[in-house]
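Take a look at the structure set out below.
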Amino acid sequence: MLTAEQNDELTQVDAGTPMGEVLRRYWYPVAFTRELAEFPVKRVELLGEFFALWRSPSGRYGIVPEACPHRKASLAYGVVESNGLRCPYHGWVFDEAGACVDQPAERDDTRFGDRVSAQAGVAEEMGGLVWAYVGPAPAPRLPRFDTYVMEGFRDIGWADLPCNYVQIMENAVDPHHVEWLHGRYFQFIGRHEGFTSPASFAKKHQKVGFTPFEWGIIKRRVLEGASEENDDWKVGHPLVFPYNMRVGGGGVHQMQIRVPINRTTTRFMLYTVHRPDEGYEHVEQPVVPDYRIPVVDADGRHVVNYVEGQDIMAWVTQGAITDRTTEHLGRSDIGVAMLRKMFREQMDRVARGEDPLGTIREEHERIDLPCEKDKFHAGAQFALDFCDMGSTRFSPMLDAIKKIHVSAAERVASGSS
Amino acid sequence: MQAPPDRRFAADAEAHRRDAPRHCPACGAPPAIATEFWEGTARRFYCSCSACGWTGEITPTGDVAVGHEPEH
Ligand code: FES
Ligand SMILES: [Fe+2]
Ligand SMILES: [Zn+2]
C-alpha cells in the first residue's frame with residue numbers, strides 16, 4: 001500500500017511535479033517515421049503537453065510546443081518550409097532550435113523575434129520511429145538499444161490505453177502474472193473459444209528474482225522443470241527504466257514501450273524484430289509497418305484471446321490511476337516495491353540536479369540489453385506461439401514473419417546456413 | 001475554457017502584472033484596459049480610461065533617455 005500522497009507523486013507526469021521532471025529527462029517515440037513522410041507535420045501529445053513535430057524538406061526533425069508564442073494558434077497546422085515551421089495564422093517562422101526567424105507583419109525595426117523563442121525540444125529518427133526529447137538542455141544522447149538498430153524484420157503493434165503508465169510498468173516486474181493471466185486464464189478462454197493456449201505460458205514459478213542494473217531492473221524466474229542454469233534465471237530480461245521492457249526469445253526481439261501521453265493515457269507499442277539466430281536471410285523493408293492491436297470489442301469488452309490483450313485488460317481494469325491506498329501486496333510483489341523505490345530515487349536525483357538512471361551522454365553505436373534466448377525453456381516453439389498467440393496475429397506481416405522463422409529453421413535443418 | 005498559462009512565458013506575464021499602468025494619466029482612475037504590445041525592444045501599453053475617456057500609449061523607458069540623430 002501507499003499513502004494517497006505517495007500514489008499521487010508516483011503517477012504524476014506534468015511539468016513541475018517531481019515525477020514529471022524525471023520523465024522529462026528521457027527520449028520518447030512520438031511518431032512513426034512513415035507518418036511524417038506521408039505528411040510532414042504532426043500534433044503530438046507527450047507528458048500531458050501538446051507539441052508540433054515536423055520534418056524539414058532536408059530530412060531534419062523539429063519539435064516545439066504547439067501554441068504559437070504570438071497569439072497561440074496551433075503550430076501543428078503549420079507550413080513546413082526550408083527554414084522552419086511557419087505558423088498558419090500570421091506567418092511567424094520557428095526553426096529547429098525554436099528561434100523565431102520571421103515576423104512578416106512587423107517592420108524591420110519593430111521585430112522582436114529574439115524575445116519569443118518557442119523553446120524547442122530535439123527530435124531524431126531511429127528504427128522507423130521519430131524520437132523526441134523535451135526536457136532541459138543539454139539533451140542526453142538517444143539510447144540506441146539493440147532492438148531499434150539490429151538487423152531483422154520489423155513491425156510495430158500499438159494501442160492507446162486509458163490508464164496511467166506506472167501500473168503498466170509495475171506489470172514488467174511481476175513475473176507471477178504470466179502463469180495466471182497468460183496461463184490459467186488463457187486456458188479458460190481457449191476452452192470456451194475452441195483453441196489451445198500455449199502450454200509453456202502456464203508453467204509454475206518456483207522462484208523469482210530482481211537485480212537493479214544500469215538500465216533498470218533485470219527480472220528472473222525459475223519455472224517448474226528448470227533450474228538456475230536456464231536462461232529464464234541466468235539471463236532474465238529487463239525493465240528498461242522508466243517506460244520500457246525488453247523481451248524476446250527464439251529469434252524474436254521486442255521492446256515493449258509505454259509512453260506516458262498524459263496522466264491517464266499511455267501509448268503502448270510492441271516494437272518487434274524477427275531475427276532467428278541461425279538461418280536468417282535478410283528481407284529489406286522500405287518502411288517499418290505499424291498496426292493497431294485490438295483493445296475492446298464492439299460491446300466494449302476487452303479482447304482477451306491474445307497475450308497482450310490479457311495484459312491490457314488487467315492494466316486498464318485496475319483503474320485510470322489505480323488506487324494504491326487499498327491494494328494488498330504480498331511477498332510475490334516484491335519487484336513492484338523495488339520499482340517504486342527506483343522511481344522515488346530518481347526524483348531525488350533529479351531534484352539534486354543529477355542525471356537519472358539510464359541517461360547516456362556518450363556517443364555510442366548500440367546498447368545490448370540482457371534477454372533470454374531460450375524463453376520458458378520452450379525452444380523454437382516460443383517464436384510460433386508468439387506469432388499465433390500474441391499481438392503479431394493482428395500484424396499485416398504475419399505471413400511474412402512466420403515464413404522467416406520457418407525457412408530459417410529449414411535452412412538450419414538442411415545444413416545450408 | 002481558458003487554456004492553462006504557457007509556462008514558457010511566465011516571466012513575461014509576471015513583468016506585465018508588475019508594470020501595467022495602474023492610473024490614468026489624465027484623471028488618476030484605474031485604466032479600463034491596458035494592452036501590452038512589443039515594438040523592437042520597447043514594451044508599450046495601449047491604455048484607455050472609461051472615467052474620463054483618455055486613450056493613449058504609455059511606454060516605460062528606464063533610466064536612459066534615447067534620442068536620435070537624423071542621417072548625416
Ligand atoms: S498566432 Fe502564430 S503567427 Fe500569429
Ligand atoms: Fe480571416
Ligand atoms: Zn482617466
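Each chain gets a letter, A, B and so on, in the order its sequence line appears, and its residues count up from 1. Just the heavy atoms: all of them, side chains too, but no hydrogens, waters or symmetry mates, feed the values below.
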With rounding to the nearest 0.5 angstrom, report the NZ to CZ distance, A:Lys72 to B:Phe9.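 That separation rounds to 6.0 Å.
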Part of A:Glu49 lying under 4.5 Å from any heavy atom of chain B: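 For A:Glu49, the side chain is the part near chain B, not the backbone.
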Atom [atom1] of residue position [X] - does it have more than 12 heavy atoms of other residues, nucleotides or ligands inside 6.0 Å?
| X | atom1 | value |
| --- | --- | --- |
| A:Tyr77 | OH | no |
| A:Arg60 | CZ | no |
| B:Tyr46 | OH | no |
| A:His90 | NE2 | yes |

Which portion of B:Arg44 sits near chain A, non-hydrogen atoms under 4.5 angstrom: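 Contact with chain A is absent: no heavy atom of B:Arg44 under 4.5 Å.
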Interchain contact, B:Ala42 with chain A, by part (heavy-atom threshold 4.5 Å):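 Looking at B:Ala42, just its backbone touches chain A.
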Write down the atom of B:Arg8, the atom of A:Pro69, and the distance for their closest heavy-atom approach.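 Heavy-atom minimum between the residues: NH1-CG, 4.2 Å.
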